Amino acid sequence: MCSTESNTEPQPTSSDPALLLELKTRRPPSLLDQAGCETWSVDFSPDGTWFAWSMGHGIVWVVAWPLDSEEGQDGETDRADKSFSCGHPVWGLAFGPRPPRSAAAAAHPTKPSKGPKGKSTLLLATGLENGVIKVWNVLTGNAVFDLHGHEGVVRNLVFPQNGSLKLISSSRDKTLRIWNLAHKGKKVQVLSGHKDWISCCSVSSDCSMIASVGRFDRMVCLWSLRSYTFIRNLRGGTNKKLCLLSSCSFSPDGAVLATAAFSGSSWWIDLWDPYTAEKLATLADYFEDYGQNQISAIQFSPDGLHLAIVTDDRALRIWEPGEKHMTMQTKRDQDSSGLCCNYHPQGGVIATGTRNGHVRFWRTPRTVPSLCHLCRSIIRHSVSTFQIEALPLPKRILEYLTYRNIPERLKTCCSSDEEDWES
């Protein structure tokens, strides 16, 4: 069921200079801060012209982006707010299909694909608490079909960046599933191997690998998206440290995988080479209030220069891997209640979702990538670490191309308590 009646209200920005806008839901006071209100997932459409978030109580809200836009470029697309009533709490959502990432695509945003009658098609997949995945046509507001198979909460959904109608889902039933939406999800591949809930999954930019992290089994699994087989567990079988894994994200070139974990007194992010299983660097934070500062979500920026971090004590941190200090961090706030984050496809803005069903939009640092970084990104998009190592290259170039150029003293660093970002 789709509705276009507005149920949200933009709020003026706070004193935090990075906060652009906050969307709050209109709820009866009795429902505020109650279970079921959470925004577990947010996403921008591939062309950046739509934004969706799960606003609690089984409702997904979709708005045109930027928020003051009224019509599409063709003057025909309905740009009114839309809501989709899913009937059960929504834990994961994703727009698709997503076109291949390239330098040209970054400079010229891709329009939604055309349907059989020449009309634009933009899908939104929603993962529900009862294990069902509902697929919607965003532009018409119609439900397309339901996908059945998972036996637990569908926690994460991802469309690979190859323009296909494949959909990857991860669930608390310990499995990942690859659905072919071109066949209405009837052709399904099931990936089993986790021993407990799967918190998150991510797909490499060349669509060769899927990464998944288990919340309680402490496994970081890599899977082949080509042969649908298990590749390896990056954390191995000997790691006995008690922790919970919460999130993972591939860099835009697919050469680095970031994973997030937390325990009672600390949280940390590990950067891995997915080809060699080598740990490249670690960012950690320690705190005195036991169990009061978990890390909820991480995501690489579209240019691959930064990593966004959502934790309990700060709504947002931005870290440049290899640097000792944060590039940006919001004011300390134990009530930030962040759960998820997602960058706009062209960068510059990131959205975060909270436990009370609200969404915040933040201005993120814009850095002009160096020529070295651009060249490395292009090369690593299609060349593995093993192929790089086989080339007769000088040591410094080899280390740079394989992301092993992080100084030894920065391979394990702590999140700084430096002054809040104010510029």
Side-chain angles (χ1 to χ4, degrees), residues 91-101 123 125-127 131-135 145-215 217-237 245 247-259 272-277 380-387:
W91 287 71
L93 57 82
F95 282 106
R98 292 188 174 271
R101 180 185 293 274
L123 300 178
T126 55
V132 175
I133 300 171
K134 298 184 76 71
V135 181
F145 46 75
D146 294 351
L147 304 176
H148 297 269
H150 280 302
E151 298 178 355
V153 172
V154 179
R155 187 63 189 89
N156 205 207
L157 295 168
V158 182
F159 281 93
Q161 288 188 318
N162 58 4
S164 73
L165 285 173
K166 284 184 178 179
L167 175 67
I168 295 91
S169 60
S170 62
S171 170
R172 286 185 177 179
D173 67 6
K174 312 174 191 178
T175 69
L176 296 102
R177 290 175 181 256
I178 297 96
W179 313 80
N180 189 340
L181 302 191
H183 296 86
K184 297 185 178 180
K186 294 181 180 179
K187 292 187 177 181
V188 183
Q189 299 288 337
V190 181
L191 305 181
S192 302
H194 278 281
K195 300 174 183 177
D196 218 307
W197 293 358
I198 301 176
S199 297
C200 183
C201 64
S202 181
V203 178
S204 61
S205 57
D206 67 351
C207 303
S208 65
M209 288 184 287
I210 306 172
S212 59
V213 294
R215 189 167 184 82
D217 63 16
R218 303 188 293 279
M219 296 175 67
V220 179
C221 296
L222 291 179
W223 314 82
S224 170
L225 189 49
R226 294 167 178 164
S227 62
Y228 308 116
T229 55
F230 176 77
I231 300 175
R232 66 172 61 90
N233 174 18
L234 292 181
R235 288 176 60 87
L245 270 67
S247 186
C248 62
S249 177
F250 272 107
S251 61
D253 60 8
V256 177
L257 174 68
T259 61
W272 306 85
D273 184 319
Y275 297 98
T276 66
R380 292 311 310 270
H381 179 77
S382 56
V383 182
S384 72
T385 302
F386 300 119
Q387 292 171 317

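Bear in mind the structure is a predicted one, so any value in this text is a computation, not a measurement. These values consider heavy atoms only, across backbone and side chains, with no hydrogens, waters or symmetry-generated copies. Note that the numbering runs from 1 along the sequence shown for the chain.
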Please walk me through it: do Asp273 and Val256 pass side chain to side chain contact (heavy atoms under 4.5 Å, CB included)?
CA-CA 5 Å; Asp273 184 319; Val256 177; over 6 Å; no

What is the distance from atom SG of Cys201 to atom CZ of Arg177, rounded to the nearest 0.5 Å?
13.5 Å

dist Leu147:CG -> Ser169:OG (nearest 0.5 Å) comes out at 8.0 Å

I need the minimum non-hydrogen distance between Leu157 and Ala94, along with the two atoms involved.
O-CB, 3.5 Å

Quick one: do His150 and Asp173 satisfy side-chain hydrogen bond (donor to acceptor under 3.5 Å, both in side chains)? Show the steps, please.
CA-CA 7 Å; His150 280 302; Asp173 67 6; 3.0 Å; yes

Determine whether Leu176 and Ile210 make a side-chain contact, defined as any pair of heavy atoms from C-beta on separated by less than 4.5 Å.
yes

Do Gln161 and Pro100 have side chains that get closer than 4.5 Å, going by heavy atoms?
no

Would you mind reporting whether Ser247 and Cys200 have side-chain heavy atoms less than 4.5 Å apart?
yes

Ignoring hydrogens, what is the shortest heavy-atom contact between Ala125 and Leu167? Give both atom names and the distance.
CB-CD2, 3.8 Å

Measure across Asp217 and Lys195 and return the closest heavy-atom pair with its distance rounded to 0.1 Å.
OD2-N, 2.9 Å

Are Phe159 and Leu181 side-chain neighbours, meaning at least one heavy-atom pair lies under 4.5 Å?
yes

Before you tell me yes or no, could you show the steps for Trp223 and Ile231 under side chain to side chain contact (heavy atoms under 4.5 Å, CB included), namely the whole-Å CA-CA distance, both residues' side-chain angles and the distance that decides it to 0.1 Å?
CA-CA 5 Å; Trp223 314 82; Ile231 300 175; 5.5 Å; no

Please confirm whether the backbone N or O of Val220 pairs with a side-chain atom of Asn233, one donor and one acceptor, at under 3.5 Å?
yes

So OG of Ser199 and CE of Met219: to nearest 0.5 Å the spacing works out to 12.5 Å

Atom pair CZ (Phe386) and OH (Tyr275), whose distance is rounded to the nearest 0.5 Å:
9.5 Å

Look only at the side chain of Thr175 and the backbone of Leu191, and say whether a donor-acceptor pair between them is shorter than 3.5 Å.
no

When rounded to the nearest 0.5 angstrom, what distance separates CG in Leu222 from CG in Leu257?
6.5 Å

Please examine the side chains of Arg235 and Arg218, heavy atoms only from C-beta on, and report whether any two atoms are closer than 4.5 Å.
yes

Any salt bridge (charged side-chain N to carboxylate O under 4.0 Å, His left out) pairs touching residues 145-163, not counting sequence neighbours?
Lys134-Asp146

Does some side-chain heavy atom of Leu165 sit less than 4.5 Å from a side-chain heavy atom of Trp179?
no

Would you please say whether a donor-acceptor pair under 3.5 Å links the side chains of Trp272 and Thr259?
yes

Given side-chain hydrogen bond (donor to acceptor under 3.5 Å, both in side chains), test Arg380 with Thr385 step by step and report yes or no.
CA-CA 8 Å; Arg380 292 311 310 270; Thr385 302; 2.9 Å; yes

Any heavy-atom pair between the side chains of Ile133 and Thr126 that's under 4.5 Å?
no

Donor-acceptor pair, Ser224 side chain versus Thr229 backbone, under 3.5 Å?
no

Side chain to side chain contact (heavy atoms under 4.5 Å, CB included) assessment of His148 paired with Val132
CA-CA 5 Å; His148 297 269; Val132 175; 3.6 Å; yes

Testing the basics here: between Met209 and Asp206, what is the closest heavy-atom pair and its distance to 0.1 Å?
N-OD1, 4.5 Å

From Ile168 CD1 over to Cys207 SG, what is the distance, rounded to the nearest 0.5 angstrom?
7.5 Å

Ile198 vs Ser212 side-chain heavy atoms within contact, under 4.5 Å
yes

Considering all heavy atoms, the nearest Asp253-Ser251 contact
OD1-OG, 2.6 Å

For residues 189-214, which residue pairs qualify under ring-ring contact (aromatic ring centres under 6.0 Å, His included), counting only residues two or more places apart or in two chains?
Trp197-Phe216

Nearest atoms (heavy-atom pairs only) where Gly254 meets Ser204
CA-CB, 4.5 Å

